[in-house]
Amino acid sequence: MSNPLRSPLDQRLPRIAGPCGMVLFGVTGDLARKKVMPAIYDLANRGFLPPGFSLVGFARRDWADEDFAQIVHDSVREHARTPFREETWQQLCEGIRFVAGDLGDPAAYDELSRVVAELDEQRGTGGNHAFYLSIPPGLFPVVLEHLKTSGLAANTPDAWRRVVIEKPFGHDLKSAQELNALVGTVFDTGSVFRIDHYLGKETVQNILAVRFANEMFEPLWNSNYVDNVQITMAEDIGIGGRAGYYDGIGAARDVIQNHLLQLLALTAMEEPLTFAAAEVRAEKEKVLSAVRLPKDLAAHTARGQYAAGWQGGTPVVGYLQEEGIDPSSHTETFAAMRVDIDNRRWAGVPFYLRTGKRLGRRVTEVAVVFKRAPHLPFLAEAVQELGNNALVFRIQPDEGITVRFGSKVPDTSSIEVRDVTMDFQYGEAFTESSPEAYERLILDVLIGDPPLFPRHVEVELGWTILDPVLDYWAEQGQPDQYASGGWGPQVQYEMLARDGRAWRRP
Amino acid sequence: MIRLEQTSGGAVAAAINAERHRLGSPTTGMVLTLLIIADEDTQSDATGAAAAVARQHPMRIITLIPRADARVSQLDAEISVGGDDGPGEVAVLRLRGELAEHGNSVAIPLLLPDTPVVAYWPGDAPAHPADDPIGRHSQRRITDAAGAQDPWEALRVLKRGYQPGDTDLAWARCTQWRSVLAAAFDAPLGDVRHVRVEGERNNPSVILLGAWLGQQFGATVETVWNDALGISSVSIDLADGLMSITRQDEKTACIVRPGRAEAQITLARRSLSALIAEELRRLDPDDMYGQVITTLEI
């Protein structure tokens with residue numbers, strides 16, 4: 001029976017998750033404490049969670065419910081984006097449970113089943129539960145196996161069970177396929193939610209809206225007018241406390257395989273028939289299938305490792321000196337590569353992808369760089385300062401759009417044309433009312449809205465693209481060192497210079 | 001703040017631009033112009049609340065205060081741009097004498113080009129907002145029946161004058177109640193037999209919430225008046241028991257459902273800023289409000 005109080009005419013009512021709860025595996029990890037728990041609180045605070053929402057922590061700790069509640073409380077106090085309200089916290093707190101046990105202990109899952117059933121009874125969670133695996137991927141098999149055998153993973157017609165997994169979705173094509181196969185034996189495709197938090201709904205919808213809701217950009221969006229596309233994700237931080245995760249993974253696996261290729265797909269894909277999940281995915285998969293690597297990987301890829309240096313006025317150590325890193329590690333902290341897209345729209349337009357840690361500042365952007373005007377009816381010196389026109393999607397921070405074009409410099413006796421920028425910032429970028437990516441994603445999981453979540457086909461296509469580069473790099477020894485706080489190793493500039501192009505400074 | 005006396009709409013627009021320039025940000029991403037038509041009693045709260053909303057919706061706020069008490073026509077302006085109150089542009093304009101009747105002529109040069117215009121009457125509103133000289137520019141027209149002298153009469157006027165694009169803050173004050181009620185019915189609760197809404201005497205939100213529930217459920221609604229503030233409770237008779245939501249304090253409510261333990265839910269009273277922000281989130285007509293107000297039995 002449909003809800004009589006919901007009507008398509010009624011656009012004021014927010015989407016609220018139906019009765020449900022979440023089970024969190026890995027309660028002490030960075031992501032769980034800094035992102036997941038605060039996002040849950042923020043959702044509750046904004047009134048997006050159902051009455052009776054419950055959060056169950058599962059870990060090998062000798063904790064009572066109150067101890068876990070204290071962990072959640074501390075993380076909320078420290079990291080939540082909305083103000084702390086005692087009454088919101090009290091309601092959330094009433095639904096917090098903790099199950100102590102080893103991830104491999106069947107008895108612990110029996111206890112979890114009991115707690116979940118009890119919550120359904122007491123709190124009215126209706127048998128709907130999402131299992132959030134905020135644990136290293138090495139532990140997935142054991143957890144998934146037990147979720148299956150204990151019956152916790154079983155969907156029924158009246159109650160859903162979903163699983164949320166974080167990147168990395170494998171470390172190469174083979175491991176990704178194994179992981180997909182494993183998850184697939186326990187949960188059906190529609191119940192698997194892969195979180196890629198750089199693809200919060202706002203970003204994706206903004207790119208698609210600009211491209212497909214307007215008439216003035218799309219006619220230019222092809223190889224007739226576009227010279228190249230530069231997709232950059234720069235981080236100013238180092239690896240922090242994530243040595244165990246990062247070493248052996250590196251920048252390309254960590255960022256290019258998922259975030260940058262997803263951004264590429266959104267930038268380059270054809271118009272979907274509708275914005276339904278299946279249609280958007282179909283277009284993303286098509287364009288990712290058309291991505292080709294250059295033949296000469298030496299000439300068209302670059303990598304580096306950050307060295308000690310000064311970053312924004314603070315001295316920082318190099319990657320090889322970070323605690324927990326093998327001093328002879330070959331793991332790259334900077335990766336750049338050219339790819340081409342073999343279709344009519346993009347033939348001959350290189351897409352340059354790059355990412356790195358300890359770079360000049362934190363920025364993620366997609367820059368569509370246009371060709372120069374075919375003829376410039378000005379004196380050469382009048383336009384020597386004029387660069388290529390560009391349209392830049394700023395993904396973070398300061399989400400927005402920048403357009404760069406030439407304009408006459410005022411007050412000069414002779415005409416001089418120089419680049420100017422026109423800037424648009426999403427008005428809601430900093431406000432409480434603009435939900436953070438994790439909030440949107442978690443809410444979408446609880447509501448069961450899948451369009452933002454990459455399906456396993458996209459994950460595998462990402463690895464298909466990246467694997468040859470990783471194999472090639474594996475034979476090349478130590479990556480180049482680059483000074484912390486700058487924009488990365490010299491080799492990246494040479495890489496573009498070979499194509500007669502240059503990186504824009506993000 | 002800049003004060004201009006005996007000025008004109010064009011001069012106010014020029015002063016805003018000059019101030020923007022002086023602050024070094026001549027171009028801005030203003031998304032709309034909000035025209036507030038108020039008297040001296042309501043203008044300050046309305047303008048302040050709107051200025052806070054400018055953090056979410058960067059906008060130009062023009063508050064027009066007709067002061068028919070003076071004999072000579074005169075326009076005085078107070079302008080502030082950016083600053084601690086929010087990133088928007090705020091101009092508070094006092095229209096004295098005969099000019100009080102011609103606020104529209106002052107507003108026209110101040111409207112931002114090619115962006116939406118929203119009109120907001122915090123107190124008494126015109127009988128036909130959409131046909132009002134200022135309402136005619138505006139794709140969204142916000143009234144506040146709770147701010148009117150006689151809320152019942154205000155609702156009757158709103159019903160008669162309704163045009164798509166009209167909306168009322170008394171309706172926005174229902175949103176959170178409607179939201180928790182809708183959430184409660186996401187899990188099927190069976191047939192509704194009777195609905196009872198309890199709340200502040202003559203409060204238009206109580207009336208609108210009851211009307212909405214009656215319409216959606218196709219059930220009769222009983223209204224019980226009390227001396228509380230705003231909506232106090234909604235109880236719904238279901239086949240297998242009573243479902244109710246009762247406000248407990250400024251921030252929480254208690255929800256009772258058949259076969260479930262009683263639970264606390266968040267139901268915070270919202271500030272005027274939050275209500276205005278909600279109104280500005282969507283600028284297309286609110287069809288559900290239209291349906292509720294035009295079929296209101298009053």
Side-chain angles (χ1 to χ4, degrees), chain A residues 1-20 44-53 85-95 120-128 158-159 400-401 420-434 447, chain B residues 27 29-31 54-59 87 167 171-172 174-176 178-192 212-213 215-219 245 248-253 255 257 259-261 263-268 274 277-279 281-282 284 286-291:
Chain A
M1 193 183 82
S2 68
N3 183 344
L5 297 185
R6 296 219 185 264
S7 154
L9 291 185
D10 202 337
Q11 302 195 310
R12 264 177 214 256
L13 292 192
R15 291 184 321 161
I16 293 185
C20 65
N45 214 359
R46 295 183 209 275
F48 288 128
L49 294 184
F53 177 83
R85 296 194 180 103
E86 190 59 35
E87 64 278 8
T88 305
W89 169 250
Q90 277 312 324
Q91 286 159 31
L92 197 58
C93 193
E94 282 166 22
D120 290 342
E121 184 70 23
Q122 290 177 351
R123 307 262 309 162
T125 40
N128 304 311
D158 318 319
I401 295 170
V420 294
T421 57
M422 222 158 60
D423 203 57
F424 162 70
Q425 299 209 6
Y426 284 97
E428 303 207 354
F430 306 109
T431 64
E432 193 193 323
S433 71
S434 156
I447 289 175
Chain B
T27 53
M30 296 280 160
V31 297
R55 286 184 201 284
Q56 282 176 49
H57 303 276
M59 59 183 167
T167 166
W171 176 242
C174 298
T175 303
Q176 292 205 308
R178 299 196 307 117
S179 172
V180 295
L181 283 160
F185 279 84
D186 278 338
L189 288 175
D191 282 343
V192 169
W212 174 70
L213 286 168
Q215 237 174 51
Q216 300 308 114
F217 287 130
I245 297 177
Q248 295 194 304
D249 52 43
E250 294 298 289
K251 291 163 178 172
T252 53
I255 180 166
R257 283 166 294 179
R260 297 252 183 96
Q264 296 272 316
I265 52 172
T266 310
L267 191 69
E278 178 181 311
E279 288 300 337
R281 205 158 290 143
R282 299 192 69 99
D284 49 341
D286 183 344
D287 295 329
M288 182 54 84
Y289 169 73
Q291 191 175 306

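A, B, ... follow the sequence lines: proteins, then strands. Residue 1 opens every chain.
- Just one of B:Met288, B:Arg281, B:Arg282 meets the side chain to side chain contact (heavy atoms under 4.5 Å, CB included) condition when paired with A:Gln11; it is B:Arg282.
- Residues meeting the side-chain hydrogen bond (donor to acceptor under 3.5 Å, both in side chains) test with B:Arg257, sequence neighbours left out: none.
- Atom OG1 of residue A:Thr88 and atom CD1 of residue B:Ile265 lie 11.5 Å apart, to the nearest 0.5 angstrom.
- For B:Asp284, the part lying near chain A is the side chain, with the backbone staying farther off; criterion is any non-hydrogen pair under 4.5 Å.
- With sequence neighbours left out, the side-chain hydrogen bond (donor to acceptor under 3.5 Å, both in side chains) criterion links A:Gln122 to A:Arg97.
- A 4.5 Å side-chain heavy-atom check between B:Asp186 and A:Arg6 finds at least one atom pair inside the cut-off.
- Side-chain atoms of B:Gln216 do not come within 3.5 Å of backbone N or O of A:Leu5 as any donor-acceptor pair.
- Residue A:Pro50: no heavy atom, backbone or side chain, is found under 4.5 Å from chain B.
- Looking at A:Arg12, the atoms closer than 4.5 Å to chain B (heavy atoms on both sides) sit in the backbone and in the side chain alike.
- Within the 4.5 Å cutoff, the side chain of A:Ile16 has heavy atoms near those of the B:Ser179 side chain.
- B:Gln264 places no side-chain N or O within 3.5 Å of a backbone atom of A:Gln91 that could act as its donor or acceptor partner.
- Residues A:Ala44 and B:Thr266 come closest through the heavy atom pair O-OG1, 4.4 Å.
- Proximity of B:Arg178 to A:Asp10: side-chain heavy atoms (C-beta onward) are separated by under 4.5 Å at one or more points.
- If you take CG on B:Leu267 and CD on A:Glu87, they are separated by 10.5 Å, rounding to the nearest 0.5 Å.
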